[in-house]
Amino acid sequence: MTLFGKSTALYDEWEDEGVSPFFPVIETNRGHHVTTAKHGDLLMFGSCDYLGLSQDPRLKQAAIDAIREFGTNTYGAQLLCGRTRLHDGIEAKLRSLSGKESAILFPSGMAANLAVISTIASDEDVILCDRTAHISIYMGSWLSGAELRTFPHNNVKKLKALLRKEKDRRRRVILVDGLYSADGDFAPLKEITALAGEHDAKVVVDEAHSFGAIGPNGLGVADHFGVLDRVDAVVGTMSKALGSVGGFVLTGKEFERELRYLAPSYTSSRGSAPGVAGASLASLELVEEHGTELRAKLDQNVRFVIDGLTEAGLNLMRTTSHIVPVLIGDEHKTVAVSNWLMDHGIFVGTFVHPHVPTGEGRLRIGVTSTHTQAECAVLVERLTEARNKFSL
Ligand code: PMP
């Protein structure tokens with residue numbers, strides 16, 4: 001047993017069998033075409049680069065310009081001497097895009113979740129968390145000292161019952177992902193924010209996989225449902241649709257000072273390096289200007305892939321988004337299928353326990369706006385072959 005009491009036995013077995021769900025080292029990268037030493041050319045469908053921005057020449061140039069101007073690192077953590085006008089620019093752009101009073105930049109989305117959750121809740125409070133929420137949400141909850149209660153995935157009835165039961169707590173804090181990273185479905189944020197209003201609860205939404213890619217303004221699932229103003233804190237990351245690295249929190253003035261002066265993952269950890277900050281700022285500017293067309297292209301590709309794989313009879317769980325899981329179940333079979341796909345030119349994500357529940361192994365396809373329709377068609381064709389070969 002290791003971290004959190006989890007076992008690595010499955011991984012040991014795979015190592016003995018000479019297969020692996022993880023660690024294919026990428027040697028070269030041209031758009032969606034990567035090479036690995038073992039598999040040669042692969043079509044990349046395993047990324048979170050939903051708008052294709054990590055390969056955009058404008059972001060690359062912005063990163064180079066920032067390094068020329070500021071060097072490869074800042075002088076310290078953001079609180080001390082680690083902020084440049086690029087870091088300020090990112091926060092200002094996030095405020096103006098979202099309409100939230102405060103935007104605070106963190107080294108990563110994980111660091112942002114640790115900070116915001118351990119600041120918004122403490123040992124007199126209760127946290128009500130969707131069972132499928134990201135591990136960083138759990139970690140923030142453990143750190144806060146609040147009692148953690150979970151409800152079944154997207155089960156609003158159970159959440160309501162918990163809110164009633166916990167009415168005497170000092171504070172009730174609801175934690176959900178906007179878009180679930182291994183399932184591809186949305187949190188029902190209209191119902192959740194309405195319940196929070198009725199029961200005087202705070203709501204924190206992790207929009208890591210949706211910021212930039214979902215909603216009429218690209219601000220995530222809360223934007224999609226028109227309830228952004230009812231969310232107390234949005235956590236996001238630059239590391240998915242925005243093609244860079246770095247987490248952020250969008251919230252009101254109430255939390256800003258506490259987060260900036262007290263949250264260790266802000267005060268005592270290095271912020272984005274200048275190259276990364278330059279790319280992040282360019283990315284936000286690009287999404288502000290071209291987001292609507294990028295999202296329309298993304299939707300078109302998502303429709304094509306979901307329709308093709310549904311027609312092939314594969315189990316896509318509840319997805320309605322650019323995260324398309326293909327449920328396989330058994331962990332060994334999941335890894336066998338993903339390794340076979342690698343041998344046949346397709347790179348997809350492989351999710352097995354403990355990243356998803358035991359017996360719910362799945363492939364995880366990340367569709368992007370910059371895949372061509374021909375590339376999406378190759379994906380559907382290979383997965384149809386895999387279905388026949390492995391009786392999926
Ligand atoms: N939240 C969710 C839902 C995520 O999937 C991830 C990354 N896997 C994070 C937060 C952490 O983001 P980052 O990679 O920026 O630390």
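Atoms within a ligand are numbered from 1 in the order they appear, just like the ligands themselves.
Looking only at atom types and distance, the side chain of His153 has a donor-acceptor partner in the side chain of Asp130 under 3.5 Å away. Side-chain atoms of His209 and Asp177 form no donor-acceptor pair, as typed in the model, at a separation below 3.5 Å. A donor and an acceptor atom, one from each side chain of Ser181 and His134, are nowhere located under 3.5 Å apart. Between the side chains of Glu375 and His33, a donor-acceptor pair is found at a separation under 3.5 Å. A side-chain donor from one of Ser54 and Asp49 sits under 3.5 Å from a side-chain acceptor of the other.
For the pairing with Glu147, the salt bridge (charged side-chain N to carboxylate O under 4.0 Å, His left out) check across Arg170, Arg172, Arg169 returns one residue only, Arg169.
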Step-by-step salt bridge (charged side-chain N to carboxylate O under 4.0 Å, His left out) determination, Arg171 to Glu166: CA-CA 9 Å; Arg171 187 178 269 179; Glu166 300 291 350; over 6 Å; no

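For atom 10 (C) of ligand 1, the closest heavy atom belonging to the protein is Asp206 OD2, 3.4 Å. Of all protein heavy atoms, the one lying nearest to atom 12 (O) of ligand 1 is Gly109 CA, 3.5 Å. Looking only at protein heavy atoms, the nearest one to atom 7 (C) of ligand 1 is Lys240 NZ, 2.8 Å. For atom 11 (C) of ligand 1, the closest heavy atom belonging to the protein is Met110 N, 3.5 Å. Distance from atom 14 (O) of ligand 1 to its nearest protein heavy atom, with residue and atom name: Ser239 OG, 3.4 Å. When only non-hydrogen protein atoms are considered, atom 5 (O) of ligand 1 lies nearest to His209 NE2, 2.6 Å.
The part of His134 lying near ligand 1 is the side chain, judged by heavy-atom distances below 4.0 Å. In Ser108, the parts holding a heavy atom less than 4.0 Å from any atom of ligand 1 are both the side chain and the backbone.
If you number the atoms of ligand 1 from 1 as listed, the ones under 4.0 Å from a heavy atom of Ala208 come out as 1 (N), 2 (C), 3 (C), 4 (C), 10 (C). When each atom of ligand 1 is checked for a heavy atom of Thr237 under 4.0 Å away, the hits are 13 (P), 15 (O). Near Asp177, meaning under 4.0 Å from any of its heavy atoms, are these atoms of ligand 1: 3 (C).
Residue Gly247 places every heavy atom at 4.0 Å or more from ligand 1. In this structure, Met238 falls outside the shell of residues with a heavy atom less than 4.0 angstrom from ligand 1.
Listed by first and then second residue, the side chain to side chain donor-acceptor pair (under 3.5 Å) pairs that reach into residues 241-253 are Ser244-Ser280, Lys253-Glu256, sequence neighbours excluded.
The environment of Arg382 atom CZ is dense: over 12 non-hydrogen atoms of other residues, nucleotides or ligands sit within 6.0 angstrom.
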